Amino acid sequence: MPAHEGTSVALLASLLALLAATLRLSLPVLITSVGATFTELGGVVNIGLEGMMLVGAFASAWAGITWGPLAGIAAGIAAGGLLALVHAVAAVRFRVDHIVSGVAINLLAAGLVRIGSYRVFGTATTSGRVEGLPPIPVPYLGDLSPLVVVGFLLIGVAWYVQQRTPFGLRLRACGENPLAADTLGVNVEAMRVAGVVLSGMLAGLAGSYLVVELNHVYVEGMTQGRGFVALAAMIFGNWTPTGAALASLLFGAAEALSIRANVAIPYQFLEMVPYVVTLLVLAGVMRRSTPPAAVGTHYSRGDE
Amino acid sequence: GGGGSGGASGGESQGGGQAEQPTVRVGLVYDVGGRGDQSFNDMAYAGLERAQQEFGDRVEVRDAEPDAGGQNREDLLRAFADQGYDLVIGVGYLFTDAVTAVAKEYPDVKFGIVDSCPQEPLDNVACLTFKEHEGSFLVGAAAALKTRTGKIGFVGGMKSALIERFEAGYRAGAKYINPDVQVLVDYAGTTGEAFSNPTKGRELALAQIQQGADVIYHAAGGTGKGVFEAVKQQGKLAIGVDADQSLTAPDYADVILTSMVKRVDVAVFDLIRSVVEGDFRPGLHAYGLKEDGVGYAVNDKNRAMIEDITAQLDELKQKIIDGEIQVPETPGDV
Amino acid sequence: MNRIARGLLYAAVPVAALVLAALIGAVVVLVTGGHPLEVLQVMLRYNLSSPDSIAGILSRMTPLILSGLAVALSFRAGLFNIGVEGQYLMGAFTASLAGIYLAGLPAVLHLPLTVLAGMAGGVLWAWLPAELRVRRGVHEVISTIMLNFVSTALLLWLIGDVFLDPTQGGSTPRVRMSEIAPTARIPRIHGLAELLGIPLRPSTALDWFFPVALAVAAGVYLLLWRTPFGFELRAVGLNPQAARAAGIPVEATLRKAFLLSGALAGLVGMSDLLGYFGYLDIDFPRGYGFTGIAVALLGGNHPAGVVLAAFLFAFLQRGGLGVQALAGVPREVITVMEGVIILTMLITAAVAGRWLRRWERARLLAGQEGGRGPEGSAAPAAPGEEGQHAGA
Amino acid sequence: MADAEWMLEARHITKRFPGLVANDDVSFAVRRGEIHAVVGENGAGKSTLMKILAGLYEPDAGEIRLEGRPVRLRGPRHAAQLGIGMVHQHFMLVPRFTVIENVVLGSEPGSAGRLDLAAARARVEELARRYRLEVDPDARVADLSVGQQQRVEILKVLYRGAQVLILDEPTAVLVPQEVEQLFRHLEELRQQGKTVLFISHKLDEVLAIADRITVLRRGRVVGTVAARQATKAQLAEMMVGRPVLFRLDRPEPPALDDPAPLLALEEVTCLEGGRAVIDGVSLVVRPGEIYAIAGVEGNGQAELLQVVTGLRPVTRGRVRLFGEDAAAWSVARRRAAGMAVIPEDRHRQALVLPMTVWENAMLGSHRDPGWRRGPFYRLAALRRRVAAQIGRYDVRTPSLDVPVAALSGGNQQKLILARELERDPRLIVAAQPTRGLDVGAIEFVWSQLLAARARGLGVLLISADLEEILALADRIGVLARGRLVGELPRDEATPERLGRLMLAGGEPA
Ligand SMILES: Nc1ncnc2c1ncn2[C@@H]1O[C@H](COP(=O)(O)OP(=O)(O)OP(=O)(O)O)[C@@H](O)[C@H]1O
Ligand SMILES: Nc1ncnc2c1ncn2[C@@H]1O[C@H](COP(=O)(O)OP(=O)(O)OP(=O)(O)O)[C@@H](O)[C@H]1O
Ligand SMILES: [Mg+2]
Ligand SMILES: [Mg+2]
């Protein structure tokens, strides 16, 4: 029956479109939440990820317009990393409470991008168009950004680095038992700073993706709380890159669904879908989560 | 420099009120989002700038922006009024209560408010409102005339009565041209953040395009940039809002059919001029098609795209001005 | 011998931190093309020139104190309630319902009931994450982040579709609920100020909720450090295992602490709602919950510290407005300064505190050549100074 | 000028902490290839000294010499490079890591970009074979017994090529069998040319294994003696500064008309994941008796303690307290009814370390209305009462307001004892009550338990220390694999018999 065939083809098409939208929408959260595993495994809470993503977005718009997409992405990574360094110095070196430092970082970021935007774009809230990388045509899904590939590779790379390299072992030791790591000659401060900066660089990369690849434009506030959502995804994913990535995909799918579903419910309830889904999943299937034992704590030797 | 006010340097404002020449001092407080939004607030600023240019030394202008709601708006207005400013303007309907309160406190200071009006008439407050639905009617008609699929889209920012007025006019205009036209409607969210979410704007537009829409009108601030991007990628058409976006977002000029302009700048300039020239009139100043306060944009960049239908649009415009067409203000009335 | 000198030194730390923060803030202003001295002058003048400006600061403190207390209380129990944001918005909604629909009651009943309804709203919105945490071990950080998002959407629906004030008209109808009855409004404090010989302008927004917030701070202090429940709450926060072994019902304590934090959160919006606006609209002030986290932590999770930190934030925020309007410094510079000031304050306090302890230690070490042994020596052991905050 | 005889020397080491001098002009020397013990009371400064020798703390004055050369240790890693490694009393392990990961952490084989786990496993297995330290290299440390964890710590040190091994109270957490095994390991190490420096409170052990013994008292060296010529009494006197009697009074309890059991377990079984962690245990504790549970750790002692104190629900069977069915009673109800508890891990289960001494002293009876006026605590009265209480138990603390973390282990334990016994309980449940305590403190704790018995209280004592059990118990139950495999009255119990029961899990009929 051709008519029947027609509807099933249309259904398939919308499913594929949904899948593609899920990938697009998940990626910034995915990259950031995978990055967040680095900071947390090292023992530092980083709620400044939102701000780091935002400065990454701004910096990549500026460099992307000036020198092209690759420079844009590099600048985004660098900007996120630099802001993360501020957080790391405050939280690790000076032992400022991680949360407060993160709150301050977010404030800093919000102000800095506005000042920068005035200077660079002549307006506070938006940039001109940013060219992207040449997209990769994928059968059925359409054009995908090369960063989607990078993002998914990142999951494996993060896992490998954390589980199969001396760096990862030391980093995790600093998040679990910094005293033990110190007695074995691991430089706890350096490792923790490295973890924070890595997370900031990846948050910056996520910001770049938003600007250079997804929207081709910078808009103030465009990160829309994705940094916080990434943190939730990381916790939801039980502090592992794969778990974080899966949680991010779940968020992305829920968001894509809320955009594309045509259901007759009050509009505001569609807004809630991703968050309610997460809550339901948490309430239903979540096993007790196990954060790194020393996360959020400061470390110093006993005789100081 | 990093923004700042229209050229007035720091020290001079503090002298109090004993300036000898009759300088009109104007303070303008933005809506959240502030200056540099390339739309609403920037239009208000443009009016301020134009006044500065045209009247030179006869006006001194300064602007500010609240960081959250509540007392902040009131305090900023009051800070200006207290310093003896002659005209203090609140940009955005959120200023309704704040302007009401401060205007009562300072009866000698004149106030302006954009997009709204105090419940009770005050003789030192001028209200600058716009008939967005009238302008939206015209671009809705344009979309219906241009669509090949019979499907057009609307992407709103924050779901609210104000933005729904855009939707209502747009749909009414489209249906007026072609009762069978299908209008897909989406909003980007429920908070102010919905105006700065290009990612969502892009996804909504892509979804609408997938369903067949080929002209999409946005009333969504920065979120609209995502709509432009989707439309550009997919080779469809977009309609801008507030400012003439072929000019403010030139990268997308090739896909912007037209923009529904809302001339906040004109309204603000008119208000300042009225104070400078001493004929301030309190009460409602509603800017519609008749007053050229709203309209659709034609310029060098989109002329080729829209030339063929301008005659029809202008005819509709006249009908609205003449009252032959009543444009609904809420989507429910379409 | 010199307790006073020591006390002074400790008191000097935050002052030094503030001065340094101000210096760095000055650099920010300079870099962005402003005049630091003018900014400082304008800020001080705008904030301190009249009783009304002081009252303006105090009135801004009210929600920050309450939010800081809500966060601090949860931290003390080892919970990380970052859902204060959603909880106070829900509290504002339930209080509005009571304020509108209980009209007719005398004020002595109506006002307290309305405030209670606000607290109930906060409790309601804290209840789900509390149960999820206690029963299912779901980390409250995720659940409260999610619920913050949900609350905004839910509120828009409730305000915009269900309880919309039908009388709103005009060119731009406000999306808001009906007016709260006058019997549920919090009176302004001007009468008291008058009695004290401090006349305030009618427009000044300071209301009786400010002393209430101070009283709540005192109450939280008494609760935490003077009652068995507070003792249990802190013990559970510091060592749940030992608390359980000592017969403290850990889950019940956590639940109560979470709900209490929600109840405090429910108070956060009251001064704005019942003292200022008189109605709830979708643009009700946001962000107090997040500022509350900074207030709580800057205040060391102690009620007195929370009050001081709230003052600092209120001072900066109000001063920021004056600086914008009167010195032409753009808002973003002020936002950056806020971040810089928080960081500088904390870093300076941390570093100076460490120096101070080192100095004190050196002094102690120098003065103890002969004596030894723990008995008889009165060395103040640093109370968990490198200790852990309730982290995620 | 290298003096071949001395492997490691401490010369005039001084280390101050605020309010006290932990090490005061300490000098002593360790011979190459010897096992050298350091003994002293709680708080004598032993751990501090070891941490200095291992590079973790910096001394305020004095010099360390390694093989005759003065060295300045820049940190634990530097010390390790020089061949000094330390096993801390509180293990420095990452519980979530595997054995291999714990061992190689910080000195991983392989390139920077890759952790060569195969090479690591090979080295760890080789070391384990050479020193006969058998442990599963792929097990997660969290799943290992304490004795196995200690082996991991020793492997860590050996992996870094240590010539000198410092062990802080290595036997405090071990059961007798494990102690024996540890000593075999230490012997093995000595034979392979390593030098061992270790701390212990158990003088019998010290005399059995050490070559020479250095005694610290209040931060100063009292002297170094050869183990062969020393006696227990002599060492104890050097440590404490007065003669210590190794004899306990056992005052008899009053004859009671009502010998009804205070605690009775009837066929109690607890399942965990389908496995019985407690399996059909029945026992009674009567007034005026000490009932001891002996057994190799990990055979259900912790679970039994939880059942009795109300932290673990029973799957089958009955728990009766003071004659009533108490299976559903909460911890608080049991405590209110007259049960006192001394948990096994004082840092985790008994104390809230960041809280003050007085707060910890009222933990558990903090709901007592006598502490309050209306809803609020009467602080002054409360502090007076706490001061009196802990005074009776000789708790040494700089003030009531310091965090309890600042007290030495012995004083922390005395504080717990004061807190629990001053509540006037009828039943005391004590788990490992003297773990990590010095002889003086042990003497004190034991005499307190015996005094309680003499007042007609019942005591359920869970201990891994046979000496303690034999010294105190009236009856002894042996727990193996969650089952009570035997019950002996005091006069029939010998270490050998108990040991056989503990290991075999049952006596041949
Ligand atoms: N980091 C520190 N800060 C302050 N005081 C300390 C510190 N470490 C140890 N002390 C104090 O120094 C003294 C000696 O402690 P040390 O740990 O060396 O004793 P110890 O002999 O190992 O005792 P124990 O037998 O209980 O293990 C104690 O009074 C202790 O409270
Ligand atoms: N920062 C500190 N301030 C005050 N006292 C401390 C501090 N750190 C440790 N101590 C005390 O110093 C002592 C030495 O600690 P260490 O880690 O060597 O354990 P220990 O005394 O051998 O352990 P235990 O208490 O189990 O016998 C501890 O008893 C502790 O109370
Ligand atoms: Mg010790
Ligand atoms: Mg010890």
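Keep in mind that this is a model prediction, so the values were computed, not measured. Convention: sequence-line order gives letters A, B, ...; per-chain numbering from 1. Computed from heavy atoms alone, side chains included, the values below leave out hydrogens, waters and symmetry copies.
Using modelled atom types and a 3.5 Å distance limit, the side chains of E153(D) and H88(D) yield no donor-acceptor pair. Side-chain contact check for D168(D) and S47(D): at least one donor-acceptor pair (N or O, by modelled atom type) lies under 3.5 Å. For S26(A) and S248(A), the side-chain atoms include no donor-acceptor pair closer than 3.5 Å.
Geometrically, R140(D) does not engage F97(D) in a cation-pi contact, judged by NZ or CZ lying under 6.0 Å from the ring centre and within 45° of the ring axis.
Remark: L49(A) CG to I105(A) CD1 distance equals 10.5 Å, nearest 0.5 Å.
Checked for salt-bridge contact, K46(D) and E169(D) miss the test: no charged N lies under 4.0 Å from a carboxylate O. Using a 4.0 Å cut-off between charged side-chain N and carboxylate O, R121(D) and D138(D) make a salt bridge.
With a 4.5 angstrom heavy-atom cutoff, N102(D) touches chain A only via backbone atoms. Contact of L93(D) with chain A is made through the backbone alone, with heavy-atom distances under 4.5 Å.
A donor-acceptor pair is defined here as one N or O able to donate and one able to accept, closer than 3.5 Å; no such pair exists between the side chain of N411(D) and the backbone of T397(D).
Contact annotation for residues 192-209 of chain A against chain D (heavy-atom separation below 4.5 Å): no residues qualify. Scanning residues 156-166 of chain A against chain D with a 4.5 Å non-hydrogen threshold yields Y160(A), Q163(A), R164(A), T165(A), P166(A), sorted by number.
Ranking G168(A), G185(A), A181(A) against chain D, the residue ahead of the rest is G185(A), based on heavy-atom pairs under 4.5 Å.
When side chains are defined from C-beta on, V99(D) counts as touching V103(D), because their heavy atoms get closer than 4.5 Å.
Across all non-hydrogen atoms, the minimal contact from E50(A) to F228(A) is OE1-N, 3.7 Å.
Between D25(D) and the choices R11(D), R220(D), H12(D), the side chain to side chain donor-acceptor pair (under 3.5 Å) rule is met once, by H12(D).
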